[in-house]
Amino acid sequence: MAKRLLILLLASFILCVSFGTVNAQNEQWLQYHSARELNLVGISSATKLLDLSDKAPSDLSLPKFTGDSQLYTKWETPMFEKGFVWIALDRSHKLGMYDILYIDSNGDGKLDDEEPIRQYRMEQTSSYFGPVKVTFKLADGPASYHLNFRYYGYDDTKRLYASSGGWYQGEVTVGGQKVQCVLLDYNTNGTFNDKAITPENSDRIRLSNSNSENATNFVGNYVKVNDKYYEPEIAKDGAFIKLAEATDITFGNVRLPETVTEITAGGLNGQFTIEPENGIGTLPVGKYRINSWVVKRDDEKGSKWELNCSQSQSQGLFDVKENEEVALEIGEPIVSTVTASYREGSYSFSQQLKRQNGENVELMRNGSRPQAPQLNIKNAEGTYDRTYTFSYG
């Protein structure tokens, strides 16, 4: 009996160790990086405009300034208890460009304990700061985060732009395959797990060995890797990710015009690219917004033509339901429009490719822009008849 009890206890111990190992492997930790230019990882964050005021907050402890006037604003983030931290802009001289920045980097509500951050680059109307470090106090310890700032000043116009200056990256295992994972706080609020129907409010994830922008998708309920769907659980501060294969997922059909060869759509479920078969594609049930679509076609000489359209933010919403089909009105026909303007005795003309609802479309031939079209102008009497060629840029 004692021997059997010992065996049972040993088996229980082994099971606990095994399950503990599985759970530990489920959290896949990433390394944090920061930079002034996030295009180093092939992605970029949204730029957030911060409202500036020349009035100092009454409850804010201020450092000893140099300039004769300062500007103040808030950076909003749920990672601090108050939901924001204060920022102040100062000058290294009495007048001139704002070239010094203070930020409440620890969220204690004070600026008089902060070091001045000087611009690393200055242009005629702009000062650049970054990457500027702030520290979040989390339950399991402090976490670093970085911001990049650009101050723009011209005449009475004063603006401060903020963008994310940090990202998480590392090798993770998905479905038995090792890939590079990149997490980016796209909407610049300090968190890495935001989901939204609008692209500008959704964070970004990449699970691929490709450094292409096309490999980066919106954070959502699902992510697709090698034709399988997974449910990502991302730490709020971006430090780790869990990836479980989605087992309880329902789909609906999306009908596209047969000339459309590819469509990308995103929402709370994430972002997915569909290459339809016979005009039909599938998506997990949910609400989406069309991000882009492509029409590819070869001509009789073997040239490869491609129409690309990036959907406007105000259009393209659709709902995918189980056992139902939703039809999307995208693709051709495409209309070539010419507009004319008159100023100081001369006419100017511009040409664009648009869909009938006004969406701009880009036309490519063998991977580059084809030769610009020509415009023939003739008066009613026939005394004026000339052909001009449009130019790009």
Side-chain angles (χ1 to χ4, degrees), residues 39 44 46-47 49 123-126 150 152-157 159 161 198-200 213-214 254-266 273-276 279 288-318 326-393:
N39 57 10
S44 58
T47 300
L49 176 62
E123 298 172 352
Q124 185 174 0
T125 58
S126 299
R150 175 192 168 217
Y152 172 85
Y154 183 75
D155 290 340
D156 294 331
T157 302
R159 296 172 182 168
Y161 300 94
T198 52
E200 66 272 17
E213 184 80 29
N214 293 332
V254 180
R255 176 168 291 279
L256 308 171
E258 291 196 12
T259 56
V260 173
T261 52
E262 183 180 298
I263 178 176
T264 300
T273 298
I274 303 173
E275 295 181 359
Y288 295 88
R289 183 187 297 274
I290 300 171
N291 304 126
S292 63
W293 52 261
V294 179
V295 172
K296 296 179 181 179
R297 189 176 300 152
D298 295 347
D299 64 20
E300 65 278 2
K301 296 181 180 180
S303 294
K304 297 184 180 298
W305 294 84
E306 187 173 310
L307 282 173
N308 293 282
C309 177
S310 295
Q311 191 82 29
S312 67
Q313 298 302 310
S314 60
Q315 299 172 332
L317 286 171
F318 65 99
V326 57
L328 303 184
E329 295 182 3
I330 57 176
E332 300 168 277
I334 305 300
V335 180
S336 177
T337 62
V338 177
T339 56
S341 59
Y342 178 80
R343 184 180 179 183
E344 297 179 355
S346 64
Y347 287 91
S348 297
F349 299 88
S350 63
Q351 182 264 347
Q352 286 181 308
L353 294 177
K354 292 178 178 287
R355 287 195 71 238
Q356 290 178 327
N357 60 3
E359 297 169 293
N360 289 327
V361 178
E362 182 182 40
L363 179 65
M364 306 290 285
R365 178 179 178 270
N366 295 329
S368 60
R369 274 183 166 182
Q371 184 177 353
Q374 294 181 323
L375 176 68
N376 177 251
I377 301 175
K378 181 190 298 184
N379 64 2
E381 295 78 16
T383 57
Y384 186 91
D385 187 353
R386 291 189 63 181
T387 299
Y388 299 87
T389 299
F390 285 102
S391 60
Y392 297 120

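Computed from a prediction, not measured in an experiment: that's the story for all the values here. Sequence positions, counted from 1, serve as the residue numbers for this chain.
Interatomic distance, R150 CZ to L49 CG, rounded to the nearest 0.5 Å: 10.5 Å. Distance CZ/F349 to OG1/T339: 9.5 Å, rounded to 0.5 Å. Between I290 atom CD1 and L256 atom CG the span is 8.0 Å, to the nearest 0.5 Å. Between atom CD1 of residue I334 and atom CG of residue N360 there is a gap of 10.5 Å, rounded to the nearest 0.5 Å.
Taking the salt bridge (Lys or Arg N to Asp or Glu O under 4.0 Å) definition, one finds that R159 meets it with nothing, sequence neighbours left out. Taking R255 as the reference, E325 meet the salt bridge (Lys or Arg N to Asp or Glu O under 4.0 Å) condition, with sequence neighbours excluded. Residues that satisfy the salt bridge (Lys or Arg N to Asp or Glu O under 4.0 Å) test with K296, not counting sequence neighbours, are absent from this structure.
In this structure the side chain of P199 reaches within 4.5 angstrom of the side chain of N291, judged on heavy atoms. Looking only at side-chain heavy atoms (C-beta outward), L375 and Q351 stay at 4.5 Å or farther from each other. Counting only heavy atoms from C-beta outward, the side chains of T264 and S292 approach each other to under 4.5 Å. In this structure, the side chains of R386 and I377 stay at 4.5 Å or more apart for every pair of heavy atoms.
Classification of the F318-Y288 ring pair by plane angle, with boundaries at 30° and 60°, yields parallel.
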Given N366 and S303, is the side-chain contact (heavy atoms from CB on, under 4.5 Å) satisfied, shown in steps?
-> CA-CA 6 Å; N366 295 329; S303 294; 3.7 Å; yes

